[in-house]
Amino acid sequence: IQNYKEFVLRNDLHHAIEENQMKIYYHPIVNLKTGEILAVEALLRWMHPEWGLVLPNEFIHLAEETGCIIDIGKWVIRQVCGNYKRWQDSGLPPIKVVVNVSGIQLMESGFANKIKSVIDEYGLNPKFLIIEIAEDVLLKNTDTTISNIETLRSFGIEIALNSFGLGFSSFTYQNRLKIDIIKLNGSFLKGIPYNKVNSVIVESAIHLAQGLKIKMGVEGIETWDQLTYLKYLNCHAGQGNIFSQ
């Protein structure tokens with residue numbers, strides 16, 4: 001069944017956007033000290049006519065393999081800019097919006113300028129946007145990737161590194177590429193503060209980020225014990241089911 005599902009999803013990806021099957025939901029990122037919403041992360045979901053709700057872990061790799069990720073990425077940026085413009089026009093307070101970007105997108109020549117072009121089209125200040133990349137993108141470390149990251153930052157767009165701690169990146173890459181934000185993977189929150197190993201890892205990562213003056217966020221906060229401990233460590237921001245599904 002799984003192989004059949006993947007076969008169907010791979011074929012149907014080419015029509016998902018034009019048939020309005022892609023949806024974006026927004027997940028709050030909260031200042032852990034004040035409770036204020038600092039940003040929202042744009043989460044892509046595929047409402048497939050046969051399989052129902054399809055999550056990114058089932059279709060993003062297919063989009064990358066087929067090249068559909070480029071068109072999907074363009075659609076996401078345009079949707080985010082359109083939504084943000086409506087929020088501003090409605091008088092809502094300004095916040096940041098986080099958009100996840102594939103390494104394939106970052107290897108596209110002129111990717112950063114294309115992002116800026118859409119932002120300009122909607123008359124927005126680029127500083128509202130945070131581009132989030134995975135650790136493995138740093139390993140590719142191509143000239144085009146580095147150039148796109150540097151150009152995005154020159155526009156005032158911040159760069160976030162997600163799922164920090166699961167891959168092979170280091171603060172050496174951060175120093176070269178000037179990552180603005182790192183997001184610790186939620187798997188390290190399991191059992192804290194009672195799980196001593198995870199507690200030490202989380203505490204060390206937060207203190208190191210603070211020492212290097214990098215903003216630190218934590219993904220996957222689910223319990224009051226986790227939230228209380230992160231507040232105690234003066235972690236800057238976090239997101240998870242404790243705030244919103």
Side-chain angles (χ1 to χ4, degrees), residues 13 17 22 24 26-27 29 38-44 56 59-61 63-88 94-164 167-183 209 212-217 237:
L13 257 177
I17 292 176
M22 291 294 180
I24 293 179
Y26 292 94
H27 199 228
I29 299 172
L38 298 172
V40 289
E41 181 175 359
L43 303 177
L44 183 63
F59 71 85
I60 289 296
H61 70 284
E64 291 177 334
E65 291 171 11
T66 59
C68 292
I69 192 67
I70 299 299
D71 288 336
I72 291 174
K74 291 176 182 176
W75 179 86
V76 168
I77 288 295
R78 187 164 293 279
Q79 291 294 309
V80 165
C81 287
N83 288 336
Y84 194 77
K85 176 64 173 173
R86 286 191 289 275
W87 298 346
Q88 281 199 327
I95 57 174
K96 300 266 191 175
V97 180
V98 180
V99 174
N100 288 272
V101 167
S102 163
I104 292 176
Q105 292 172 268
L106 276 172
M107 287 190 285
E108 183 186 11
S109 179
F111 169 76
N113 289 310
K114 292 174 184 176
I115 293 279
K116 179 65 159 52
S117 178
V118 177
I119 292 173
D120 289 345
E121 181 182 332
Y122 284 89
L124 300 172
N125 186 331
K127 291 183 178 180
F128 89 93
L129 188 62
I130 299 173
I131 292 294
E132 187 168 298
I133 62 176
E135 280 191 320
D136 60 355
V137 172
L138 300 184
L139 294 180
K140 298 180 177 66
N141 214 15
T142 67
D143 291 340
T144 304
T145 297
I146 293 171
S147 175
N148 276 319
I149 289 175
E150 290 175 344
T151 303
L152 288 167
R153 295 190 77 250
S154 74
F155 296 147
I157 297 171
E158 290 185 306
I159 305 298
L161 183 67
N162 70 17
S163 294
F164 184 79
F168 304 97
S169 71
S170 69
F171 282 92
T172 301
Y173 286 112
Q174 188 283 329
N175 188 52
R176 180 179 181 188
L177 297 178
K178 306 298 182 186
I179 302 298
D180 301 288
I181 303 161
I182 56 175
K183 292 172 68 176
L212 293 174
K213 301 189 184 306
I214 305 168
K215 296 175 187 175
M216 165 68 83

statement: Separation between CD1 (Ile17) and CD (Gln79), nearest 0.5 Å, reads 9.0 Å
message: The test is side chain to side chain contact (heavy atoms under 4.5 Å, CB included); show your working for Ile157 and Ile119 and say whether it passes.
response: CA-CA 11 Å; Ile157 297 171; Ile119 292 173; 4.1 Å; yes
query: What is the distance from atom CG of Leu212 to atom CD1 of Ile182, rounded to the nearest 0.5 Å?
result: 8.0 Å
- request: Using atom types as modelled and distance alone, determine if a side-chain donor or acceptor of Ser154 lies under 3.5 Å from a backbone N or O of Thr151.
  value: yes
field: Heavy-atom pair of closest approach, residues Ile29 and Lys183
entry: CD1-NZ, 4.5 Å
- prompt: With a distance cut-off below 6.0 Å to the six-membered ring centre and an angular limit of 45° from the axis, does Lys85 pair with Tyr122 as a cation-pi contact?
  reply: no
- prompt: Is there a side-chain contact between Leu38 and Lys96, using heavy atoms and a 4.5 Å cut-off?
  reply: no
message: Between Tyr84 (side chain only) and Ile95 (backbone N and O only), is there a donor and an acceptor less than 3.5 Å apart?
response: yes
- request: Could you walk me through whether Met22 and Leu13 pass the side chain to side chain contact (heavy atoms under 4.5 Å, CB included) test, one step at a time?
  value: CA-CA 10 Å; Met22 291 294 180; Leu13 257 177; 3.9 Å; yes
query: Can you tell me how far the CD atom of Gln105 sits from the CD1 atom of Ile72, to the nearest 0.5 Å?
result: 9.0 Å
message: If I compare all heavy atoms of Ser102 with all of Ile69, which pair ends up nearest, and what's the gap?
response: CB-CG1, 3.8 Å
task: Say whether, by atom type as modelled, one donor and one acceptor occur between the side chain of Asn148 and the main chain of Leu106 under 3.5 angstrom.
output: yes
query: Do any N or O atoms from the side chain of Asp180 and from the backbone of Ala160 form a donor-acceptor pair under 3.5 angstrom?
result: no
task: Take Phe155 and Leu129 through the test side chain to side chain contact (heavy atoms under 4.5 Å, CB included) and record every step on the way to the result.
output: CA-CA 10 Å; Phe155 296 147; Leu129 188 62; over 6 Å; no
query: Under 4.5 Å between any side-chain heavy atoms of Leu43 and Ile24, yes or no?
result: no
- request: May I ask you to test the Ile133-Ile149 pair for a side-chain heavy-atom distance under 4.5 Å?
  value: yes
- prompt: Heavy atoms, side chains only, cut-off 4.5 Å: are Ile77 and Lys114 in contact?
  reply: no
- prompt: Ring centres of Trp87 and Tyr26 under 6.0 Å apart?
  reply: yes
- request: Work out which heavy atom in Ala42 is nearest to a heavy atom in Asn100; give both atom names and the distance.
  value: O-ND2, 4.0 Å
query: Just how far is it from atom CZ of Phe111 to atom OG1 of Thr145, taken to the nearest 0.5 Å?
result: 10.0 Å
query: With a 4.5 Å limit on heavy-atom distance, are the side chains of Cys81 and Leu124 in contact?
result: yes
- prompt: Nearest 0.5 Å, what's the SG-CH2 distance between Cys68 and Trp75?
  reply: 14.0 Å
message: Is there a side-chain contact between Glu41 and Ile130 in this structure, where contact means two heavy atoms from C-beta onward sitting under 4.5 Å apart?
response: no
Candidate pair Ile70 and Lys74, rule side chain to side chain contact (heavy atoms under 4.5 Å, CB included), full reasoning: CA-CA 6 Å; Ile70 299 299; Lys74 291 176 182 176; 3.8 Å; yes
message: So, taking the atom named CD1 in Ile115 and the one named CZ in Arg78, what distance separates them when rounded to the nearest 0.5 Å?
response: 10.5 Å
- prompt: Any sub-3.5 Å donor-acceptor pair from Lys215's side-chain atoms to Ala209's backbone N or O?
  reply: no
